[in-house]
Amino acid sequence: MDFNSPSPITAQWLSRDSTQIAPELIGCTLVRQMPDGSCFRGVIVETEAYAPEDPAMHAYRRPTARNRVMFGAAGIAYVYLIYGIYHCLNIVTDRAEIPSAVLIRALQLDTLPDWITPPQSLKPDRVAAGPGKLCRALKIDLALNATPFQPGQGLWLEHRYPWFQQQMDQDKLSLTQTTRIGLTKGVDLPWRWYLTDSPAVSRKG
DNA sequence: TGTAAGATCCTA
DNA sequence: AGGATCTTACAT
């Protein structure tokens, strides 16, 4: 068993179509480093892609103050506030001037942050089961908008562990592809992926 | 300057 | 099924 962390995901790796990257991010690790240096890790188990010709994408019409980071280069965090309450974390993809991103919708956390345990009566698997919940669990808010995903910074990504890739190659793990959740536009685009048997997925089907 | 909708989540 | 809660985008 290899206990070393896989290599960090680079901006170059993320400089491709969001619809190609979104399924490949399943099984990769999101790392959140707090200001005190402590780290929390979660395996990504659910993603959604947002693309240029996609009416559901925030930058579909034109650049605005909120969506401008999606017009920049790949490898940057796009964080926004939804319903005045929750935050959502996206990874900007593709090259500059091509607005696109992958929404991280659920994580399987390996360690529960201590500020989550007492107040939440959530089962551990459900603590980061949803885009708003994972941002709450890892203290991700607007302060992290436009942050590059880089080791040692507040946020970064790591490639799949070899054992995860092997399980995928042997069809012992599989992905499910479905339509996206919570939208009123682009509802028929099948751009959501999740790890089929994961208990940490926001919802199945 | 006003207003309707929103890539959510929890409770009833 | 409804409410919390408030920013954003677009219309006036």
Side-chain angles (χ1 to χ4, degrees), chain A residues 14 17-23 25-26 30 42 44-72 74 76-94 98-109 112-113 115-147 149 155 157 175-195 198-205:
Chain A
L14 294 166
D17 288 355
S18 59
T19 53
Q20 183 180 1
I21 293 170
L25 278 171
I26 306 291
L30 174 70
I44 297 169
V45 297
E46 182 180 350
T47 58
E48 282 178 359
Y50 291 83
E53 301 302 313
D54 168 12
M57 195 197 51
H58 287 169
Y60 179 62
R61 293 172 69 90
R62 58 180 52 80
T64 66
R66 178 176 70 163
N67 68 33
R68 76 186 149 73
V69 302
M70 279 198 287
F71 287 88
I76 308 294
Y78 168 47
V79 182
Y80 67 92
L81 182 65
I82 184 68
Y83 294 102
I85 306 175
Y86 298 99
H87 298 275
C88 290
L89 172 67
N90 295 256
I91 301 165
V92 175
T93 55
D94 219 315
I98 308 290
S100 64
V102 174
L103 171 69
I104 307 301
R105 284 195 55 90
L107 300 174
Q108 175 81 56
L109 296 181
L112 292 191
W115 58 82
I116 286 290
T117 318
Q120 301 275 350
S121 55
L122 287 172
K123 289 165 56 177
D125 285 338
R126 308 304 299 164
V127 167
K133 294 169 76 177
L134 75 88
C135 285
R136 185 179 56 188
L138 296 183
K139 294 191 186 294
I140 293 166
D141 61 20
L142 292 177
L144 288 169
N145 188 43
T147 300
F149 286 90
L155 290 170
L157 298 159
L175 303 188
T176 299
Q177 180 176 8
T178 65
T179 52
R180 298 172 295 182
I181 291 181
L183 306 176
T184 58
K185 292 171 276 191
V187 293
D188 294 326
L189 293 171
W191 287 353
R192 171 176 174 246
W193 290 266
Y194 63 87
L195 186 60
S198 170
V201 167
S202 67
R203 59 188 240 209
K204 311 276 186 174

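In what follows, chains carry the letters A, B, and so on, assigned in the order in which the sequence lines appear, proteins first and then strands, with residues in each chain numbered from 1. We use all heavy atoms of the structure for the numbers below, so side chains are in, but hydrogens, waters and symmetry mates are not. Computed from a predicted model, the values in this text were never measured in an experiment.
- In this view, A:P131 and A:C88, A:L103, A:R105 satisfy the side-chain contact (heavy atoms from CB on, under 4.5 Å) rule, not counting sequence neighbours.
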Under 3.5 Å, side-chain donor or acceptor atoms of residues 182-190 of chain A against the rest of the protein: list the pairs with distances, not counting sequence neighbours.
none

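- Backbone-only engagement by A:R62 is indicated by non-hydrogen atom pairs under 4.0 Å involving sugar-phosphate atoms exclusively.
- Considering only residues two or more places apart in sequence or on other chains, A:P199 meets the side-chain contact (heavy atoms from CB on, under 4.5 Å) condition with A:Q108, A:D125.
- The outermost nucleotides of DNA chain C lying under 4.0 Å from heavy atoms of chain A, listed 5' to 3', are C:dA4 to C:dC10.
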Are there any protein N/O atoms within less than 3.5 Å of an N/O atom in nucleotides 5-8 of chain B, and if so, which ones and at what distance?
unit_1 : atom_1 : unit_2 : atom_2 : d
B:dG6  : OP1    : A:T184 : OG1    : 2.5
B:dA7  : OP1    : A:H58  : NE2    : 2.5
B:dA7  : N9     : A:Y80  : OH     : 3.3
B:dA7  : N7     : A:A56  : O      : 3.3
B:dA7  : N7     : A:H58  : NE2    : 3.0
B:dA7  : N1     : A:N90  : OD1    : 2.4
B:dA7  : N3     : A:Y80  : OH     : 3.1
B:dT8  : OP1    : A:R105 : NH1    : 3.1
B:dT8  : O3'    : A:G132 : N      : 3.4

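- With sequence neighbours left out, the side chain to side chain donor-acceptor pair (under 3.5 Å) criterion links A:T93 to A:S100.
- Residues A:A77 and A:N145 come closest through the heavy atom pair O-OD1, 3.4 Å.
- Legend: residues meeting side-chain contact (heavy atoms from CB on, under 4.5 Å) with A:A129, ordered by chain and number and at least two apart, are A:R126, A:K133.
- Taking the side chain to side chain donor-acceptor pair (under 3.5 Å) definition, one finds that A:T64 meets it with A:N67, sequence neighbours left out.
- The side-chain contact (heavy atoms from CB on, under 4.5 Å) check on A:I76 picks up A:V92, A:A146, A:P148, with sequence neighbours excluded.
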**Report entry** For DNA chain C, the dot-bracket pattern of Watson-Crick and G-U pairs whose distances stay under 3.5 Å, | for other-strand partners
**Finding:** ||||.||||||.
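- Comparing the P positions of C:dT5 and B:dG2 gives a spacing of 23 Å, expressed to the nearest Å.
- A search for ring-ring contact (aromatic ring centres under 6.0 Å, His included) contacts involving A:Y80 returns A:H58, A:Y78, not counting sequence neighbours.
- For A:R180, the side chain to side chain donor-acceptor pair (under 3.5 Å) partners are A:D54, not counting sequence neighbours.
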